[in-house]
There are 2 protein chains.
Amino acid sequence: MHVQAVHVESNGEWERTMPAIGTNCFTCQARHRTEWCVLSDDELRLIDDNRVGRELLPGEVLFNEGDDCRGVYCVETGLIGIRKYDAEGNSILLHLSMPGETLGYRALLTDTDFKASAEALEPSRVCFIGNRTVRSLLEQNPALGLRFLKRASNELEEAEEKIFHNVTLSVRARFAHLLAVLIDRTLNETDEAAGAEIRLPISRTDMASMIGTTPESVSRTIRKLEDEGIVHFSGIGGRTLTVPDLETLANEFEPQEYL
Amino acid sequence: MHVQAVHVESNGEWERTMPAIGTNCFTCQARHRTEWCVLSDDELRLIDDNRVGRELLPGEVLFNEGDDCRGVYCVETGLIGIRKYDAEGNSILLHLSMPGETLGYRALLTDTDFKASAEALEPSRVCFIGNRTVRSLLEQNPALGLRFLKRASNELEEAEEKIFHNVTLSVRARFAHLLAVLIDRTLNETDEAAGAEIRLPISRTDMASMIGTTPESVSRTIRKLEDEGIVHFSGIGGRTLTVPDLETLANEFEPQEYL
DNA sequence: AAACCTCAATGACGGTCGTCAAGTGAAACC
DNA sequence: GGTTTCACTTGACGACCGTCATTGAGGTTT
């Protein structure tokens, strides 16, 4: 009952041995953020015994759209981008997965292939947990299913808000909103003070695809926002972002309260 | 243990007596399409004893964005539209709920208020099931949670495809896709032959909001598609749709296979 | 160090699509 | 019956934004 399906599912890039100290499910720094936090120690051990860890460098692919789902992927550190490709091969960045997020649970539950690709955007550590393990835990502990249900509900809410934004807001407003979200995420991660420098994890092209526009429009929007002193980009590739006042940025996408 | 919380939650529009013959959970025509189909007869009886039915006319509101979630709503017949409103009061139609769909489960699970409004688009019959009943069933029967999880997963997939479409397709392509979806739905419901007349359940304005554009653009798009013989609108309000060839319509949004 | 590559920035151009306005028809109301 | 109202249609205009092409900066390779 230890590494059953894993050997079939693993390839050279995945660990074949037990992971190093400090990187197991019990000491995992993202543990309390995952859905697995409802599991008992025994149940968590089942995962720990059956998982396979992997380090990914930026650009490395975790899975591709259309791949069969053999299990779920739990992000321990780093940042994973979820993409889809259109007919011309352009990629649309749909979602950014932070440490603690589990990917692929939808494909597992609906018994379909992956509907998007996953790729590391920063150096990341990800654990793979095979279908069999997840399914047995879901049967064994109903609370786990409910946790995933909450997660799916939240993601659905996000997705609908995104649809709403794409429809009702301008490129400028959507971009301002994206920046606010990116700032919020990194602040939550690093607990830095507001107004600090943020290192953007994604390219202009990816940011453009996230808000449904082109890199050129993003560049022009950045120019305008800089001219107005709302944001400041610096550093190599213009990937360092400084926002003097978060309120001013928020005004770009939050309609003024009508007095 | 019968109508406990219901009296608090109900108002004059909801039944206070047991529903008429032919409209209970066991004879409900939408029953096999709902998540509740995994329940035992005893469990289903618990719902049947605690539900409250209601008939809605087009335009009547089931719940509003921001309302507290007191339970879920199960669509038995008709059509319910899920809307959000932007700052100027324009509504965006996010989703069409068909018979068998249960609304509000997300707000229940995430313990938040409703993030959108629900309104009848056709004469509809909807049953209300209080929080307490749903929660006890979720605890009692883990399969129910998993069913809702599958449902959420599917909705999420739909939402992400919608985002993808809004970003990558033109107004014309998105409109063609919307028509194809509407045709598909009514055909599945009525089992008519393809190429038949379809009565559109929603206004131009609503269709426009669904694909993220304006009524004017929809009108112009319709004009062009009609000139090319791809679709034909007739009847009052131009709400009767005829599509001679579904393939031709599909070509508008499905990129040509590159040979 | 030169060649090469990727990504970002910027300008020019054009088209799609949103906005404004007027006009029509159908349903609803008094 | 007349008026109002609302949704749809159609036209004119223009802005936003997407496309194409050029340039430059930074990093990597040989």
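Keep in mind that what you see is a predicted model, and the values were worked out from it rather than measured. Sequence lines set the chain letters: A, B, ... in the order given, protein chains first and strands last, and positions in each chain run from 1.
For the residue pair E101(A) / H95(A), a side-chain donor-acceptor distance below 3.5 Å is found, with atom types taken as modelled. Looking only at atom types and distance, the side chain of R83(A) has a donor-acceptor partner in the side chain of S91(A) under 3.5 Å away. Side-chain N/O atoms of T77(A) and R125(A) include no donor and acceptor closer than 3.5 Å.
Between H177(A) and H165(A), the two ring planes are perpendicular [angle over 60°; tilted spans 30° to 60°].
The cationic atom of R204(A) (NZ for Lys, CZ for Arg) lies less than 6.0 Å from the six-membered ring centre of F233(A) and within 45° of the ring axis.
Between T214(B) and dT19(C), a side-chain N or O to OP1/OP2 separation shorter than 4.0 Å is absent. The phosphate of dA9(C) has neither OP1 nor OP2 within less than 4.0 Å of any side-chain N or O from R223(A). OP1 or OP2 of dA8(C) lies within a sub-4.0 Å distance of a side-chain N or O belonging to T205(A).
Nucleic acid contact class of G235(A) (heavy atoms, under 4.0 Å, all strands): none.
Between the side chain of R220(B) and the base of dT19(C) there is at least one donor-acceptor pair of N/O atoms closer than 3.5 Å. Judged by atom type and distance alone, R174(B) does not reach the base of dT16(C) through any side-chain donor-acceptor pair under 3.5 Å.
One can place CZ of R204(B) at 18 Å from C1' of dC17(C), the figure rounded to the nearest angstrom. Atom pair D206(A):CG and dT6(C):P shows a separation of 15 Å (rounding to whole Å applied). If you take CZ of R172(A) and C1' of dA15(D), they are 15 Å apart, rounded to a whole angstrom. With rounding to whole Å, N166(B) atom CG is found 11 Å from dG18(C) atom P. In this structure, the CG atom of L200(A) is 13 Å from the C1' atom of dA8(C), given to the nearest Å. In this structure, I222(A) atom CD1 and dA9(C) atom C1' are separated by 10 Å, rounded to whole Å. Atom CD1 in I202(A) sits about 10 Å away from atom P in dA8(C), given to the nearest Å. L169(B) places its CG atom 14 Å from the P atom of dG18(D), with the value rounded to the nearest Å.
Toward the 5' end of DNA chain D, the nearer of the two residues E216(B) and G237(A), judged by each one's closest nucleotide, is E216(B).
When distances run from any side-chain atom of S219(A) to the nucleotides dA8(C), dG18(D), dC8(D), the shortest one goes to dA8(C). Listed candidates were dA7(D), dC17(C), dG18(D). Nearest to the side chain of S203(B) is dA7(D). Here dG18(C) is the nucleotide among dG18(C), dA9(C), dG18(D) with the atom lying nearest to any side-chain atom of S217(B). With distances taken from any side-chain atom of I236(B) to the nucleotides dA27(C), dT19(C), dC17(D), the minimum falls on dA27(C). Of the candidate nucleotides dG18(D), dC17(C), dA8(C), dC17(C) has the atom nearest to the side chain of V171(B).
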